[in-house]
Every structure is written in C-alpha cells, then in structure tokens.
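Report on the structure given below.
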Amino acid sequence: IRTHKQPRFQGLVKRLRESGELPEGVGDKLVFLPLAEGVIMLNNMRLHGYDGTDGESVTRGMIDGRSEIAEELKCLRKHFPGFSDARVKAVASLLGVRETRRIHGEYRLTLEDVFGGREFPDTIGLSNYNEALKDKKKPARPTPEVTPIPYRIMVPTGIENLICPGRSVCAERGGGTYVKGGVIESIRVMAPCMAMGEAAGEAAAGVVSEDLSFARINTEKLRSSLRDHGAIVDPL
C-alpha cells in the first residue's frame, strides 16, 4: 500500500516529523506492505551513526531502533486511521547493515565510469537500481539506466584464493559532487548481489577445475557460461 505517494499522507508525515512525534529514524516516508489479513509490515526505520563492524555499536543500534519503533507505534495509534488498537507482532532480529568494509580490488568502479557509459569486457551483471546515482547538485544530469558490474571489482588484490561478491566489492561510495549516493549504493542491493554471487560461484568452479587463481579466470568464458544459464550480462 504505497500511501506515501499521496499528498495528504505525505503532509501528515511531514507535520509529525517536524513536531517530533514521529522519531527521526522513520525518515520522510511510511510504506505499508500487507502480509496477511490484519497484518502489515512497515519498512521505514533508518538508523545512522552506528558501526556495523563493532558489536557494541550494533547493540546500541538495536536498543535505539526498538525504542524508536515504540515511539512510532504510539504515533500511529494516535494519528493514523485503523491503528488505534495496533500492536507489534515481530521486529527484525538483526540490524539490516547496509555497508561495512570494502576490498581493494583489481578494479575500482567509479561514478564517472557509470555516468560516462563505460563498457567493460568482464561485465558479469547489471543493476538498474540507479535511484542512488541521482545527482542533486546537477539535477539536469540524466541518471544512467544501468550500472555494469565488472568481474574485477570482486577480486581483491594481494590474495589469490578469495573472491568477494556483494557489498564488499571495490566501488566508489557517494559524496562530494554526488550528494545522494554512489556506485556501491547502486549495486549492494539484492538483485545485483544475486548476479555477483552466481558469477562468483561459476568462477570458483573454474578455479577448482582449471587450477587457477580468481584473478586469472577467463572472463569471456565466464560470461558465456553465465549467458547459457540465463544470466543477464549484456545491456538489453
């Protein structure tokens, strides 16, 4: 139920945030996703300033997040129709940490690569989650349709028997001119991670069968194998 797109609903959320009744972590959107009759999921809590590599910091995030959930429920009961008797059925057991450490890879994918439309001979997947690439300082600058994922960004330098698909790849983060986000924000979401995982698994099979390091994998052969399995490795 994407009520966050309705102006009246947006106005209510904005007023409650400004008054402090909605906790800061809620952000500027509330998205209600129905799971079963009488049961909905709210995916809206955002926590900042916590270190996903530090256990104590993660614990603080869990405590603070649950405290904000209690405040959000109180606000929903008071101001939102249908929530007067609402209660919390379940809360995620762990923080959904979006980013921690990243490797130094054989290649570092940059924003200029993506905005410049650069093509890579070792692309093993594509992401179209480019909302994160929007340039607030240059709103007229068109957002690229896809972000290519070169195989080399998963291969760390200085070690042969390791490949790192997922959010740990070597890619530029947001900041500077690109206020909203960066390349890593575009490719660390689920579908691109699935593509990287498939490519890493296929590469691992080659490492074993051909007695190679990950850095020496024949990427054209890898891309061909991925195509045979139905993976999308070329722009449509």
Side-chain angles (χ1 to χ4, degrees), residues 1-102 127-137 139 143 147 166-168 171 173-175 178-194:
I1 305 174
R2 300 195 174 274
T3 47
H4 67 278
K5 293 185 178 181
Q6 298 177 9
R8 181 181 175 186
F9 184 84
Q10 287 178 326
L12 176 58
V13 172
K14 182 180 179 181
R15 290 194 301 274
L16 291 172
R17 276 183 49 78
E18 290 175 348
S19 70
E21 285 195 71
L22 268 178
E24 184 177 349
V26 170
D28 58 357
K29 293 181 181 179
L30 286 177
V31 182
F32 302 136
L33 305 172
L35 299 181
E37 185 176 352
V39 181
I40 63 170
M41 180 181 74
L42 273 72
N43 179 19
N44 58 265
M45 191 62 69
R46 302 289 184 268
L47 300 174
H48 301 278
Y50 301 92
D51 183 353
T53 68
D54 179 82
E56 290 186 5
S57 183
V58 170
T59 298
R60 288 195 302 273
M62 293 290 292
I63 294 170
D64 294 346
R66 284 175 169 158
S67 176
E68 291 203 358
I69 287 171
E71 290 299 312
E72 180 181 6
L73 177 61
K74 180 180 177 181
C75 183
L76 290 172
R77 286 172 171 169
K78 180 178 179 181
H79 294 285
F80 291 78
F83 279 85
S84 58
D85 296 319
R87 61 184 178 86
V88 174
K89 183 175 182 178
V91 177
S93 58
L94 294 172
L95 293 183
V97 179
R98 291 186 170 186
E99 296 179 36
T100 53
R101 298 182 178 94
R102 298 193 300 280
S127 171
N128 69 348
Y129 181 67
N130 284 359
E131 175 75 15
L133 296 176
K134 286 186 177 180
D135 188 345
K136 288 187 176 180
K137 287 190 175 180
T143 302
T147 297
R167 68 184 185 191
S168 60
R173 196 178 185 283
Y178 309 91
V179 175
K180 182 165 185 178
V183 181
I184 191 66
E185 289 88 340
S186 173
I187 62 178
R188 60 163 168 69
V189 292
M190 285 186 282
C193 283
M194 289 171 63

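As a basis for the values below, the full set of heavy atoms in this structure was taken, side chains included, without hydrogen atoms, waters or symmetry mates.
In this structure, CD1 in Ile40 is found 5.0 Å from CG in Leu42, a value given to the nearest 0.5 Å. Taking CZ of Arg101 as the start and OG of Ser168 as the end, the distance is 11.0 Å to the nearest 0.5 Å. In this structure, OG1 in Thr147 is found 9.0 Å from CG in Asn128, a value given to the nearest 0.5 Å.
At a threshold of 4.5 Å between non-hydrogen side-chain atoms, the residues Arg15 and Glu21 do not count as touching. At least one side-chain heavy atom of Arg77 sits under 4.5 Å from a side-chain heavy atom of Leu73. When side chains are defined from C-beta on, Leu22 does not count as touching His79, because their heavy atoms never get closer than 4.5 Å.
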Would you be so kind as to tabulate the donor-acceptor pairs closer than 3.5 Å made by side chains of residues 51-62, with sequence neighbours excluded?
from	atom 1	to	atom 2	distance (Å)
Asp51	OD1	Thr53	N	2.9
Asp51	OD1	Thr53	OG1	2.7
Asp51	OD2	Thr53	OG1	3.2
Asp54	OD2	Glu56	N	3.2
Asp54	OD2	Ser57	N	2.7
Ser57	OG	Asp51	N	2.7
Thr59	OG1	Gly55	O	3.0

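Of all heavy-atom pairs between Gly166 and Cys193, the closest is CA-SG, 3.7 Å. Closest approach of Ala171 to Arg102, counting heavy atoms only: O-NE, 3.5 Å.
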Walk me through whether Glu185 and Glu99 qualify under side-chain contact (heavy atoms from CB on, under 4.5 Å). CA-CA 9 Å; Glu185 289 88 340; Glu99 296 179 36; 3.8 Å; yes
Is there a side-chain contact (heavy atoms from CB on, under 4.5 Å) between Asp64 and Glu68? Walk through the geometry before answering. CA-CA 6 Å; Asp64 294 346; Glu68 291 203 358; 5.5 Å; no
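More than 12 heavy atoms of other shown residues, nucleotides or ligands fall within 6.0 angstrom of atom CZ in Arg66. The environment of CE in Met41 is crowded: more than 12 heavy-atom neighbours from other residues, nucleotides or ligands sit within 6.0 Å.
Using modelled atom types, one side-chain atom of Arg167 and one backbone atom of Val97 make a donor-acceptor pair closer than 3.5 Å. In this structure, Ser186 contributes its side chain and Tyr129 its backbone to a donor-acceptor pair below 3.5 Å. Arg173 places no side-chain N or O within 3.5 Å of a backbone atom of Ile184 that could act as its donor or acceptor partner.
Using a 30° and 60° split on the angle between ring planes, Phe32 and Phe83 fall in the tilted class, from 30° to 60°.
By the side-chain contact (heavy atoms from CB on, under 4.5 Å) test, Glu18 pairs with Lys14, sequence neighbours left out.
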